[in-house]
Amino acid sequence: MSAAHVEESSPRSTWRVARWVVVTGLVVVLGAVAWVGVRGVLASQHLRAAVTSADRVQSDLAGSDPAAALVSARELEVDVDAARDLTSDLVWRAAERLPLVGDDLRAVREVSEVLSNVASDAIVPVAGIADDVGVDAFKPQNGAIDLQPLIKVAPAVGGADETLKAELGNARNIDASATVEPIKDAVAQLVDVLSKATTQIDVVARAVDLAPAMMGANGPRDYLILFQNNAEVRATGGIPGAVALLHVEDGRLSLVQQASSSDFPRADAPVLPLPPETEGLYGAITGQYIQDVNLTPQFPLSAQLASEMWKRQFGTTVDGVLSMDPVALSYLMAATGPITLPTGDVLTSDNVVPLLLSEAYSRYEEPAQQDLFFAGTASGVFSAVASGSLDPKTLVSALTRAGDERRIYLWSADPDEQARIAETTLAGQLPTSTPSQPRFGMYLNDGTGAKMDYYLGADFGVGQEVCRQDGRSTYVVEVTLRNDAPADAAASLPPYVTGDGNFGIPPGQISTNLAVYAPSEGVFMEAAVDGQPAGVQTATDSGHAVVQLQTTLSPGQSTTIKMSFLGGPTTTGAAQLETTPIVNLPETQQVSVTCESPLT
């Protein structure tokens, strides 16, 4: 072969090599695209199937079919594991570096990983618990609750709780800002679902962790029960009109003593030292009268004051305090069914609230008779619950609803137990805000000195808008209070209900003291009553700005109060509002805020 021929053929050889390189590269790229595309389609199919399985898990548990729920949970686990495997190989990971589609592929992989972990380490174990230990296991039998099922499920529930918290954090860390809208929506939905599930399982985990010891598994316990009367409203619900001592030992419940507020004389001075801020806002009477221990919205303080009063009067040191109101009792009675009292009255979930908070005052003129009626009602409901003559599933729903509405509170004298309770709605502490969720508190206290708050109506609202260049939000909280008593209330209602003018409020009118607590970074700006600027009292309590004012309403009259606050420099997100659980508690509404005139 001549040198000329070699020189002539070399460029052709080079081109052939280059062509094969390009062709091979294209084949590899196309193959990779096809690989990722096919696996992406398959992963999408598995994720859609997982959604169906997740819905079945929920419906099976709601329908009291734990065996079916466990089957659905395992099907869910298979699908999300498949989606994770399809989106986690080397080719997929390499494709995540590609422009345009890389962020989408990464987000899909991370979603699949979160779902796989949640299914394997939370959903399947919880479904297994429901299948192994049904809700009937927690039903009282002959006055006692078998604590062993609670002890048995505690490790699995605790593990599910830890998994959900960890995976919620991972879900929140998924960066979907550069992804297509369907993936953005999927990530947002995942965070929302996990957030709700984490909240729910956290409550369950705390309950199964605390319940055995608090119910006497390690020795007897004594608890003070406060029955709050919403007809005379207090910050946490109503005055403690009836009081009882509950003895608990190895799951066995015994109501051993009952008393009324009239059994507790006024103390010459607060029975425990009051925080100066509490005394400044609500007066020394907070620690002197058992009817006033919950003028403050901080239930742990109310509970300690009440337990000290019980100790001074009856000599028993209690291990904790439980509080509930008649509305919570009505929820419980949906589980127990009707209860016949010694008086012959038949209580139902529909009539217990009006009977206790309104009709009893017309029937019994003497407070002592009223107290006996309340005590008999409380004893009857308690006996029905303790005997186990109830629907356990409905009971759980009732307790959940009452807890969500803050109609049930719990305090433990044990610091470790109280620390576990403190982060739940049962604690009754001041609103706890986060940078992404500021919380306000709006609390009502009766100023009539009577039982007119059965007729107190209210509508609550909260909203926000960014009106400043520095990005700090303007928040507005509002309430419309109404006196829904009959027009002739002064004459038609008993003097014990109207107060008969004994505290300076004309019969038939309702006087209410309103206190609004801002988030710790919140700053009060202005207030308006029915659209007109209003003067208020300002103070602080436990690091919160507090704004107070008083209203007095005649039958049929209403008033709208609005207050604006400046949010902190790190505060963002929609505001939440916690309120006193009045008899008829409406849902808090989101209100629109205009920067030009926030209070109009």
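One-based numbering along the sequence shown. Basis for what follows: all heavy atoms, side chains included, without hydrogens, waters or symmetry-related copies.
- Here the side chains of Lys451 and Asp446 are not in contact, with every heavy-atom distance at 4.5 Å or above.
- Ser261 approaches Pro240 most closely through the heavy-atom pair CB-O, 3.6 Å.
- Annotation: Phe440 is in aromatic contact with Phe565 [ring centroid separation under 6.0 Å].
- Here Tyr409 pairs with Phe299 under the ring pair (Phe, Tyr, Trp, His ring centres under 6.0 Å) rule; sequence neighbours left out.
- No donor-acceptor pair under 3.5 Å is formed between the side chain of Arg234 and the backbone N or O of Leu295.
- With contacts defined as side-chain heavy-atom distances shorter than 4.5 Å, the pair Tyr282/Pro297 qualifies.
- Residue Tyr475 holds its OH atom at 9.5 Å from CG of Leu566, rounded to the nearest 0.5 Å.
- Ion pair Asp202/Lys165 flagged as a salt bridge, since at least one NZ, NE, NH1 or NH2 atom sits closer than 4.0 Å to an Asp/Glu carboxylate oxygen.
- Taking all atoms of both residues into account, the shortest heavy-atom contact from Ala259 to Phe314 is CB-CZ, 3.9 Å.
- Minimum interatomic distance between Ala574 and Pro438 (heavy atoms only, all atoms of both residues): O-CD, 3.8 Å.
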### Task
Decide yes or no on side chain to side chain contact (heavy atoms under 4.5 Å, CB included) for Thr512 and Gln550, but give the supporting numbers first.
CA-CA 6 Å; Thr512 306; Gln550 185 177 34; over 6 Å; no
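- Checking side-chain atoms of Asp459 against main-chain N and O of Thr480 turns up no donor-acceptor pair under 3.5 Å.
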### Derivation and outcome, side chain to side chain contact (heavy atoms under 4.5 Å, CB included), residues Glu578 and Gln576
CA-CA 7 Å; Glu578 298 176 2; Gln576 303 293 313; over 6 Å; no
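- At distances below 3.5 Å, not a single donor-acceptor pair connects side-chain atoms of Thr580 with backbone N or O atoms of Thr236.
- Checked against the 6.0 Å centroid threshold, Phe373 and Tyr364 count as a close aromatic pair.
- A side-chain donor-acceptor contact under 3.5 Å links Thr448 to the backbone of Ser511.
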#### Entry: Trace of the salt bridge (Lys or Arg N to Asp or Glu O under 4.0 Å) decision for Glu423 with Arg206
CA-CA 10 Å; Glu423 297 177 5; Arg206 290 174 189 271; 2.5 Å; yes
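- Looking only at distances, no side-chain donor or acceptor of Gln590 sits under 3.5 Å from a matching main-chain atom of Gly461.
- Checking side-chain atoms of Ser302 against main-chain N and O of Val293 turns up a donor-acceptor pair under 3.5 Å.
- Using a 4.5 Å heavy-atom cutoff, the side chains of Arg482 and Leu456 are not in contact.
- A distance of 5.5 Å separates OG1 in Thr278 from CD in Gln298, rounded to the nearest 0.5 Å.
- Leu553 has its side chain within reach of Thr559: a pair of non-hydrogen atoms, C-beta onward, lies under 4.5 Å apart.
- Side-chain atoms of Asn229 never come within 3.5 Å of backbone atoms of Asp325 as a donor-acceptor pair (strictly under, hydrogens ignored).
- Side-chain N/O atoms of Gln437 and Arg439 include a donor and acceptor closer than 3.5 Å.
- Pairing each heavy atom of Met563 with each of Leu599, the nearest pair is C-CD2, 3.9 Å.
- Evaluation of the salt bridge (Lys or Arg N to Asp or Glu O under 4.0 Å) test over residues 534-549, restricted to residues two or more places apart or in two chains, returns none.
- A donor-acceptor pair is defined here as one N or O able to donate and one able to accept, closer than 3.5 Å; such a pair exists between the side chain of Thr286 and the backbone of Gly283.
- For Arg407 (side chain) and Ile582 (main-chain N/O), a donor-acceptor pair under 3.5 Å exists by modelled atom type.
- Residues Gln589 and Phe460 fail the side-chain proximity criterion, which asks for heavy atoms closer than 4.5 Å.
- Annotation: the span from Tyr517 atom OH to Leu577 atom CG amounts to 14.0 Å, rounded to 0.5 Å.
- Between Leu245 and Val318 the shortest side-chain heavy-atom distance falls below 4.5 Å.
- Under the 3.5 Å distance criterion, the side-chain polar atoms of Glu478 are left unmatched by any main-chain donor or acceptor of Lys562.
- Heavy atoms only, all atoms of each residue included: Thr425 and Gly403 are closest at OG1-O, 3.2 Å.
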### Query
Could you go step by step and tell me if Trp310 and Ile290 meet the side chain to side chain contact (heavy atoms under 4.5 Å, CB included) rule?
CA-CA 9 Å; Trp310 180 274; Ile290 197 166; over 6 Å; no
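- In summary, the side chains of Gln228 and Ser323 do present a donor paired with an acceptor at a separation below 3.5 Å, with no hydrogens or angles considered.
- The minimum heavy-atom distance linking Ala231 with Leu357 is given by the pair CB-O, 3.9 Å.
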### Message
Using side chain to side chain contact (heavy atoms under 4.5 Å, CB included), reason through Val256 and Leu246 one step at a time and then give a plain yes or no.
### Response
CA-CA 6 Å; Val256 296; Leu246 175 68; over 6 Å; no
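- Salt bridge absent: Asp250 and Arg252 never bring a charged side-chain N and a carboxylate O closer than 4.0 Å.
- Within the 4.5 Å cutoff, no side-chain heavy atoms of Gln537 are placed close to those of Val547.
- In this structure, Glu359 CD and Asn351 CG are separated by 7.5 Å, a value rounded to the nearest 0.5 Å.
- With a 4.5 Å cut-off on side-chain heavy atoms, Leu332 and Leu399 count as touching.
- How far OH of Tyr331 is from CZ of Arg401: 3.5 Å, rounded to the nearest 0.5 Å.
- Note that OG1 of Thr424 is 8.5 Å distant from CG of Leu210, once rounded to the nearest 0.5 Å.
- Residue pairs meeting the side chain to side chain donor-acceptor pair (under 3.5 Å) criterion with at least one partner in residues 213-223, sequence neighbours excluded, are Arg221-Tyr223, Arg221-Glu417, Asp222-His247.
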